[in-house]
> 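One structure follows; several queries about it will come next.
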2 protein chains.
Amino acid sequence: MDARAIRQSLEDSGLRCTAQRYAVMAFLVEHAGHPTAAEIFAAVNRVDPRSSRATTYNNLRDLVRAGLVREVAVEGRAARFDARGIRHHHFVCDRCGNVEDLEWYDVPRPASHSLGKRVLRECELIFRGLCSNCARRRAPRKAS
Amino acid sequence: MDARAIRQSLEDSGLRCTAQRYAVMAFLVEHAGHPTAAEIFAAVNRVDPRSSRATTYNNLRDLVRAGLVREVAVEGRAARFDARGIRHHHFVCDRCGNVEDLEWYDVPRPASHSLGKRVLRECELIFRGLCSNCARRRAPRKAS
DNA sequence: ATATTAGATTAGACGTATTCTAAACTCCGG
DNA sequence: CCGGAGTTTAGAATACGTCTAATCTAATAT
Ligand SMILES: [Mn+2]
Ligand SMILES: [Mn+2]
Ligand SMILES: [Zn+2]
Ligand SMILES: [Zn+2]
């Protein structure tokens, strides 16, 4: 996704393409590592122009509303964000809290009778366990 | 799950069955509505003996670690908790944030090649959309 | 061009959820 | 009794996010 495409997707969503908003979106497209709002704020300000914390939060809120960005709530930690590029699932590490992308595959929807009058928008599949880093540290050596 | 069973499950997990800890667990078993820590704190203190806020949080942490309680992180709101009774999925309302139980069904695991060296503990399926209450308010009347 | 307007940004105060701290308490085995 | 691990407590402290009110910007109307 290049600069032009980012600009376009913002405008298609009825959002002005301001320098600050563009910077947030561009950073997320660039970095697939699920940064927190604080990390995004720091990163876009390392460059230019200085953006405020409130603006970063405002823009993240707007981008999530527009469906361009996904927010991942992790228990006990700051929310994490990613650009909704190609569909994928998430793996959350029990130990370090890292969020990693996992190849997407179709998820069976719930039976409509169990859904009742609810209106379903999306099914999110989250895997939990130990990331490869933490699995290595945790696992006892086979033979010393 | 009766008093005896609760006491037993705590001890099986290596946790002393204190009045405060028991009260938290009993409240969760009793109330399937996914209360927040603050709600649990208020509820167990409405009865006896007075438990502190820190203790409520400590016990929730211990119970989650022991696998007896599940924590559900909802973006922008306080965490919610439920006793892990029979397996079920969750539906989270976009509008009011309520968490509702949904009938459980098996979820296909990811291909092992996409999992890499990660150690998978569980697959969690979360549905999002509008709960029946919010769907009613939102949807335009068909004919007045 | 100038006025008007809605949208966006800003710094910092604020609020809420959660964790930390350090002292006291409880239970149990020796 | 005594010692130690586990637990509880009140309140301070922190983390994260939202709000306010003033200011700025960009798009449109006159
Ligand atoms: Mn992702
Ligand atoms: Mn539940
Ligand atoms: Zn990890
Ligand atoms: Zn709702």
Side-chain angles (χ1 to χ4, degrees), chain A residues 6-7 10-27 34-45 47-66 68-81 95-97 99, chain B residues 6-7 10-27 34-45 47-66 68-81 92 96-97 99:
Chain A
I6 292 175
R7 188 172 304 268
L10 291 178
E11 278 159 10
D12 289 352
S13 304
L15 296 171
R16 276 191 206 163
C17 182
T18 65
Q20 294 88 340
R21 186 171 288 152
Y22 176 90
V24 168
M25 191 63 199
F27 182 79
H34 309 92
T36 63
E39 286 163 355
I40 297 167
F41 170 65
V44 303
N45 276 329
V47 202
D48 210 52
R50 300 205 78 74
S51 171
S52 77
R53 201 160 38 97
T55 298
T56 303
Y57 277 102
N58 286 343
N59 283 328
L60 283 168
R61 186 208 337 98
D62 295 344
L63 291 167
V64 168
R65 280 207 193 126
L68 296 173
V69 164
R70 171 156 51 163
E71 175 175 355
V72 185
V74 186
E75 342 70 74
R77 316 194 191 224
R80 300 181 161 276
F81 300 86
R95 218 176 74 93
C96 66
V99 177
Chain B
I6 292 174
R7 189 172 305 266
L10 291 178
E11 279 159 9
D12 290 352
S13 304
L15 296 171
R16 275 193 207 160
C17 183
T18 65
Q20 294 89 340
R21 186 171 288 150
Y22 177 90
V24 168
M25 190 64 197
F27 182 78
H34 309 92
T36 63
E39 286 163 357
I40 296 167
F41 170 65
V44 303
N45 276 329
V47 201
D48 212 55
R50 300 205 79 75
S51 170
S52 78
R53 200 156 35 94
T55 298
T56 303
Y57 277 102
N58 286 343
N59 283 328
L60 284 169
R61 186 204 343 92
D62 295 344
L63 292 167
V64 168
R65 281 208 193 124
L68 296 172
V69 164
R70 171 156 52 164
E71 174 175 353
V72 185
V74 186
E75 342 71 71
R77 317 195 191 223
R80 299 181 162 276
F81 300 87
V92 181
C96 67
V99 177

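The figures here come from the full heavy-atom set of this structure, side chains too, leaving out hydrogens, waters and symmetry mates. Just so it is clear: chains get the letters A, B, ... in the order the sequence lines come, proteins before strands, and each one is counted from 1.
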> Atom OH of A:Tyr57 and atom P of D:dT20: how far apart are they, to the nearest Å?
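To the nearest whole Å, that distance equals 17 Å.
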> Take the protein atom CD of A:Glu39 and the nucleotide atom P of D:dC16, then report the distance between them rounded to whole Å.
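Rounding to the nearest Å, CD of A:Glu39 and P of D:dC16 are 10 Å apart.
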> Where is the tightest heavy-atom contact between A:Ala43 and A:Phe27, given as atom of each residue plus distance?
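Closest approach of A:Ala43 to A:Phe27, heavy atoms only: CB-CE1, 3.3 Å.
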> If the condition is side-chain contact (heavy atoms from CB on, under 4.5 Å), which residues does A:Thr55 pass it with, not counting sequence neighbours?
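By the side-chain contact (heavy atoms from CB on, under 4.5 Å) rule, A:Thr55 matches A:Gln20, A:Ser51, A:Ser52, A:Asn59.
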> Report the residues that fulfil side-chain contact (heavy atoms from CB on, under 4.5 Å) with B:Val47, sequence neighbours left out, ordered by chain and then residue number.
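Applying side-chain contact (heavy atoms from CB on, under 4.5 Å) to B:Val47 gives none.
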> Restricting to nitrogen or oxygen on both sides, can you table the protein-nucleotides 13-15 of chain C pairs closer than 3.5 Å?
| residue | atom | partner | partner atom | Å |
| --- | --- | --- | --- | --- |
| C:dA13 | N6 | A:Arg53 | NH2 | 3.2 |

> What is the minimum heavy-atom distance between B:Val24 and B:Val44, and which atoms define it?
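Distance-wise, the nearest heavy atoms are N-CG1, 4.1 Å.
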> What are the residues of residues 69-80 of chain A, sorted by number, that bring a heavy atom to within less than 4.0 Å of DNA chain C?
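DNA chain C contact set from residues 69-80 of chain A: none.
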> In whole Å, I'd like the distance from the CG atom of A:Leu63 to the P atom of C:dA8.
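Spelled out: CG on A:Leu63 to P on C:dA8 is 11 Å.
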> Do side-chain atoms of B:Arg53 reach the backbone of B:Phe41 as a donor and acceptor pair under 3.5 angstrom?
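Judged by distance alone, no pair lies under 3.5 Å.
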> By salt bridge (Lys or Arg N to Asp or Glu O under 4.0 Å), which residues pair with A:Arg70, not counting sequence neighbours?
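Scan of A:Arg70 (salt bridge (Lys or Arg N to Asp or Glu O under 4.0 Å), adjacent residues dropped) gives A:Asp82.
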> Under the side-chain contact (heavy atoms from CB on, under 4.5 Å) rule, what do B:Thr56 and B:Asn45 come out as? Steps first, then yes or no, please.
CA-CA 10 Å; B:Thr56 303; B:Asn45 276 329; 5.6 Å; no
> Return the minimal non-hydrogen interatomic distance between A:Glu11 and A:Cys17, and the atom names on each side.
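The answer is OE2-CB, 4.2 Å.
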> Distance check needed: C:dG7 P versus A:Glu11 CD, whole Å only.
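Spelled out: CD on A:Glu11 to P on C:dG7 is 16 Å.
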> Given atom CG of A:Leu60 and atom C1' of D:dC16, what is their separation to the nearest angstrom?
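Atom CG in A:Leu60 sits about 13 Å away from atom C1' in D:dC16.
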> Which letter, B, S or -, goes with each nucleotide of nucleotides 2-9 of chain D from 5' to 3', with contact meaning a protein heavy atom under 4.0 Å?
---BBSBB
> Show, in sequence, the C-alpha distance, side-chain angles and deciding distance for A:Glu71 and A:Arg61, and conclude whether the side-chain contact (heavy atoms from CB on, under 4.5 Å) test is met.
CA-CA 9 Å; A:Glu71 175 175 355; A:Arg61 186 208 337 98; over 6 Å; no
> Which is it for B:Leu10 and B:Thr18 under the side-chain contact (heavy atoms from CB on, under 4.5 Å) test, yes or no, and what are the steps along the way?
CA-CA 9 Å; B:Leu10 291 178; B:Thr18 65; over 6 Å; no
> Nearest 0.5 Å please: distance from the CZ atom of B:Phe81 over to the CD atom of B:Glu39.
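The CD atom of B:Glu39 is 11.0 Å from CZ of B:Phe81, to the nearest 0.5 Å.
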